[in-house]
2 protein chains.
Amino acid sequence: MSLDHLPRHQGGADALARLLGQALLAGSWQPGEVFPRELDLCKHFEVSRNQVRNALASLTATGLIERTAGRGTRVCQISDWHLLDPLMSEWLAGLEAPDPKLVREIFAFRYSAEPVVASLAANAAVAADIAAIEQAFDGMRITASAQQAARHVEYDLAFHEAIYRASHNLVWRQMGHLLRPSIMALIQHSQHSVATLDDSLVRHGRVLAAIRAGQPQAAERAAREVLKRTAIDLGIVAEAADTLPSNER
Amino acid sequence: MSLDHLPRHQGGADALARLLGQALLAGSWQPGEVFPRELDLCKHFEVSRNQVRNALASLTATGLIERTAGRGTRVCQISDWHLLDPLMSEWLAGLEAPDPKLVREIFAFRYSAEPVVASLAANAAVAADIAAIEQAFDGMRITASAQQAARHVEYDLAFHEAIYRASHNLVWRQMGHLLRPSIMALIQHSQHSVATLDDSLVRHGRVLAAIRAGQPQAAERAAREVLKRTAIDLGIVAEAADTLPSNER
DNA sequence: GCTTGCTAAAATGTCAGACATTTAATAGGC
DNA sequence: GCCTATTAAATGTCTGACATTTTAGCAAGC
């Protein structure tokens, strides 16, 4: 794959890293394939070798590419990508059409993890945590219309992130970054009718209530119900389906 | 905090990043404090500015420090550290005496997450996955003596990592990196008597059996039992205690 | 006295060019 | 045919100069 179709860019090495990172996430290069050489990138984007090297260093840090002196740069296997790196989440969230396989994998993770997080939050949340969740929930309610989908999604994001934070665990908190790509993908599949939005709101409300009441098991169940709704909205499972996304043998 | 007590080093920028990263993880600088300037680091370690900048770039990528032109370099809050970055795990695992708070946080995460992972593995594992878990388990059995603690811990690590891989989820798999610092800490608290080692082995065996049998709920329970044993061995809870480490309000 | 604005210093960021090192391919000798 | 030396090509490193950003200090003006 050549880089002819990539647009010129403006901004520093970060912008270049983002551009290349997103191209890799979008599948412009296959794993194992050789990546363009530094000097070619310099020429194509009309930037200094320094900027290219800085950008490539970011890509290396996220496990997208692997570089060896004399050999060149190759694209890593998907299983080696650092999906939990905040940079990666940001790039993924900014993609127009993220790889459905990736979205599905991330959602499958959320489906198994988030009930546990909600349960932890119900045990550990203090007043400030509950206030944060509540505020996000209020925002979701106010923006529950098709016209304000973008703002609604932001509040949705804040809601779930607040729950991760409320778990009061450093590791789970870091994982909140993963929410952005998963939730931003909702905008693409914007089959947000009034009915589904209302249903989604009710389910979110039950999670909030359970956490506020300090009921871990109820929070766990409620979180799972929220994710079932999200799975439908993401187009991962069909509307009527009662089955859940799970990893088959 | 000055860097007078840091040893000279040998190796490239990676080694320097490791040295500085481990010093940060060990708490040599407080969050918010200013970090030494590039030129001071050059002088102290007798390396080029290039190497220093590369090392500092790694530290920036892991969220340990934050750099601003003209302002300088400051140490980030612990909550901003990218604990899920593989580099971070490696540094943390290599520490002689990692911060007990961090070890506890990571273990608390494992305690809530690993039962879920085991359950997923019981659903998703194929023959190769089970073989990998089995092989690690055999290794643990063979090295179950105080003399071979180091090798035993490696097999222990392989056992848990194989379960993460068996979940067949890209995100959970990435999280396997976290195991190393958590399990390596076991070497420090090496109160491995024959009895505890035997008990630990039995519990690990039950996880393997449940996954092989494809029984998610049994796997979940068994994984929790393994972690209760580990919590004792890590000195997180007392021997007789039946209570579990959890995040209090 | 307080604010405003200019100036200088100090830190990180960037550039350009030469050189070092590693890897792989290639040609040559036996 | 195999082994070795050479060459080419890629990434890695060093150096010095310069750019940019931020902060602090100082001075002028209201």
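Numbers restart at 1 for each chain; the letters A, B, ... are given by sequence-line order, proteins then strands.
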For DNA chain C, find the residues of residues 69-77 of chain A with a heavy-atom distance under 4.0 Å and give them by number; none if there aren't any.
-> A69(A), G70(A), R71(A)
Using a strict 4.0 Å threshold on nitrogen-to-oxygen distance, state whether E38(A) and R53(A) make a salt bridge.
-> yes
On a plain distance test, is the side chain of R49(B) in donor-acceptor contact with the base of dG16(D) below 3.5 Å?
-> no
I need the [atom1]-[atom2] distance between [X] and [N], as an integer number of Å.
X	N	atom1	atom2	answer
L56(B)	dT14(C)	CG	P	14 Å
L16(B)	dC14(D)	CG	P	11 Å
E66(A)	dG12(D)	CD	P	11 Å
L39(A)	dA9(D)	CG	P	12 Å
N50(B)	dT21(C)	CG	C1'	15 Å
R67(A)	dT23(C)	CZ	P	14 Å
F45(A)	dC15(C)	CZ	P	15 Å

Determine yes or no for a side-chain-to-main-chain donor-acceptor pair under 3.5 angstrom, with Q174(A) supplying the side chain and L84(A) the backbone.
-> no
Which nucleotide in the list dG12(D), dC15(C), dT14(C) gets nearest to the side chain of N54(A)?
-> dT14(C)
Residues passing the salt bridge (charged side-chain N to carboxylate O under 4.0 Å, His left out) test with R173(A), sequence neighbours excluded, are none
What residues form a side-chain hydrogen bond (donor to acceptor under 3.5 Å, both in side chains) with D129(A), not counting sequence neighbours?
-> H168(A)
